[in-house]
2 protein chains.
Amino acid sequence: MTASTARAERRPSPRKRAGNGAARQHDADEIGLDALVGHAGYAVRRFQIWIFQDFIKTLGDVDIRPTQYSVLTVIGANPGLSQMAVAKRLGIERARLVHLLDSLEQRKLVKRVKSKTDRRSHALHLTAPGETALTKFKRLAAEHERHVEAKIGKENRERLLQILAGFT
Amino acid sequence: MTASTARAERRPSPRKRAGNGAARQHDADEIGLDALVGHAGYAVRRFQIWIFQDFIKTLGDVDIRPTQYSVLTVIGANPGLSQMAVAKRLGIERARLVHLLDSLEQRKLVKRVKSKTDRRSHALHLTAPGETALTKFKRLAAEHERHVEAKIGKENRERLLQILAGFT
DNA sequence: TATTGTTATACTCTATAACTATA
DNA sequence: TATAGTTATAGAGTATAACAATA
């Protein structure tokens, strides 16, 4: 993030250019990325870091991180899902989901209900306060999304969603 | 990854649809993402995971990961950089770069040379075998990039690079 | 035998703070 | 005082393996 924001404020860089040979100083702005420039993965990674940081900051007051938001949203839209189903759908390890749900359950946003049809599994539901909270989270997430739009432009954001639709 | 690949093999899903009420089963394919669909961050994150996994697999034989590749590439293109300069340019914590360089130095790909102008800092250089190795890594990374192109299409990849150029 | 949720371990990565040697 | 590199620690996140209860 630091580097990308710094990059934005490009200036003529009137700094020292004295010939100090092999050990010459580089301005941050003039360090070449070479082959990295042609790699989609590099740009995507930097963008993803920016976007997650904005999400975390925008939902900072309610203390909800991207993964928690995705879990709450999917449970909210599909009440009764098992942990395995949520884990598979979101590409989260089931072992990791256990801890995520422990935290969300402690915060009384989610509840695990023992399934009657398969006593091994839990049916996941939002609590009543969980439903209310998710409504607020969605409002804040939409605000974050407007930051993204402001950053890359409305049309670019839409094009991006189209290009990457296959990965959701 | 699992979910996204599973998503690709969409089928009519002729499975049980019996009315088992609140605890009804969901096929992985029919679990709705709700608000997540409209979030660029979700798609970008899933794509970034796919792309890194392909990179790691494609460069698996030479045991080079994306961050290591980015460090080697930047040092190769800007010999004599300090650790701070590399860290800032790539958005890596300087504490983390120490370990990355320890590993690359042990593998004789990089060397830290004491700067004569500022005895606190190290000038980073590729070793001769490091130069040779990087050439091979770049060839493999280009192969990875062709996988990306095959996955999302040549024009979409180029458009993506345009849209995200500001984040590099 | 296989699956669900759980626990545990290891490794990567991020975020800090503090220390040293220099500047 | 501030900076470059280092060390250390804590918290996410990922990747595995193994276990108990249940299918």
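So that the names make sense, note that chain A is the first sequence line, chain B the second, and so on, each numbered from 1.
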Student: Within this structure, what is the NZ-to-C1' distance between B:Lys114 and C:dA21, rounded to whole angstrom?
Tutor: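 These atoms are roughly 11 Å apart.
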Student: Measure the distance from NE2 on B:His122 to C1' on C:dT22 and round it to the nearest whole Å.
Tutor: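 Atom NE2 in B:His122 sits about 11 Å away from atom C1' in C:dT22.
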Student: Looking at B:Glu105 and B:Lys111, is there a salt bridge between them, counting it only when a charged N and a carboxylate O are closer than 4.0 Å?
Tutor: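 The answer is no: the pair does not qualify as a salt bridge.
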Student: Using a 4.0 Å heavy-atom cut-off, does A:Gln83 contact any base of the nucleic acid, only the sugar-phosphate backbone, or nothing at all?
Tutor: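 If one applies the 4.0 Å heavy-atom cut-off, A:Gln83 turns out to touch the sugar-phosphate alone, with no base involved.
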Student: Nearest whole Å is fine: how far is C:dC13 C1' from A:Gln48 CD?
Tutor: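 Distance check: A:Gln48 CD to C:dC13 C1' gives 12 Å.
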Student: Do B:Leu33 and A:Arg89 come within less than 4.5 Å of each other through their side chains, counting heavy atoms only?
Tutor: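 When only atoms from C-beta onward are counted, A:Arg89 and B:Leu33 do touch, with a gap below 4.5 Å.
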Student: Determine whether the side chains of A:Tyr42 and A:Arg46 contain a donor N or O and an acceptor N or O closer than 3.5 Å.
Tutor: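 A:Arg46 and A:Tyr42 do have a side-chain donor-acceptor pair below 3.5 Å.
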Student: For a 4.5 angstrom cut-off between non-hydrogen side-chain atoms, does B:Trp50 reach B:Lys151?
Tutor: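 They are in contact (side-chain heavy atoms under 4.5 Å apart), so the answer is yes.
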Student: How would you give the extent of chain A contacts on DNA chain D, as first and last nucleotide 5' to 3' within a 4.0 Å heavy-atom cut-off?
Tutor: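 Footprint of chain A along DNA chain D, 5' to 3': D:dA12 to D:dA23.
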Student: A side-chain contact here means heavy atoms from C-beta on lying under 4.5 Å apart; do A:Leu90 and A:Thr67 qualify?
Tutor: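 SC-SC contact between A:Leu90 and A:Thr67 ruled out.
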Student: So if I take residues 95-106 of chain B and measure heavy-atom distances to DNA chain D, which residues fall below 4.0 Å?
Tutor: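 Nucleic-acid contacts, sorted: B:Ala95, B:Val98.
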Student: Respond yes when some side-chain nitrogen or oxygen of B:Arg120 is under 4.0 Å from OP1 or OP2 of C:dC19, and no when none is.
Tutor: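 Answer is no, no contact under 4.0 Å.
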Student: Test ring pair (Phe, Tyr, Trp, His ring centres under 6.0 Å) on B:Tyr69 and A:His39 and set out the steps.
Tutor: CA-CA 11 Å; B:Tyr69 178 74; A:His39 286 296; 5.4 Å; yes
Student: Roughly, in whole Å, what's the span from CD in B:Glu93 to P in C:dA17?
Tutor: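 Computing the B:Glu93:CD to C:dA17:P distance gives 11 Å.
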Student: Are the side chain of B:Thr168 and the backbone of B:Leu164 linked by a donor-acceptor contact shorter than 3.5 Å?
Tutor: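 Between the backbone of B:Leu164 and the side chain of B:Thr168 there is no qualifying donor-acceptor contact (under 3.5 Å).
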Student: Could you check which of C:dT14, C:dG5, C:dA18 has an atom nearest any side-chain atom of A:Arg45?
Tutor: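 The closest nucleotide is C:dT14.
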Student: When you compare the side chain of B:Leu97 with that of B:Glu93, does any pair of heavy atoms fall below 4.5 Å?
Tutor: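 Heavy-atom side-chain distance check fails, nothing below 4.5 Å.
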Student: Do A:Ile56 and A:Pro66 have side chains that get closer than 4.5 Å, going by heavy atoms?
Tutor: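 Yes. Closest side-chain heavy atoms under 4.5 Å.
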Student: Within this structure, what is the CE-to-C1' distance between A:Met84 and C:dA2, rounded to whole angstrom?
Tutor: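 Distance, rounded to whole Å: 12 Å.
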Student: Indicate, with a heavy-atom threshold strictly under 4.0 Å, whether A:Arg119 touches base, sugar-phosphate, or nothing.
Tutor: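 The residue A:Arg119 makes sugar-phosphate contact but no base contact.
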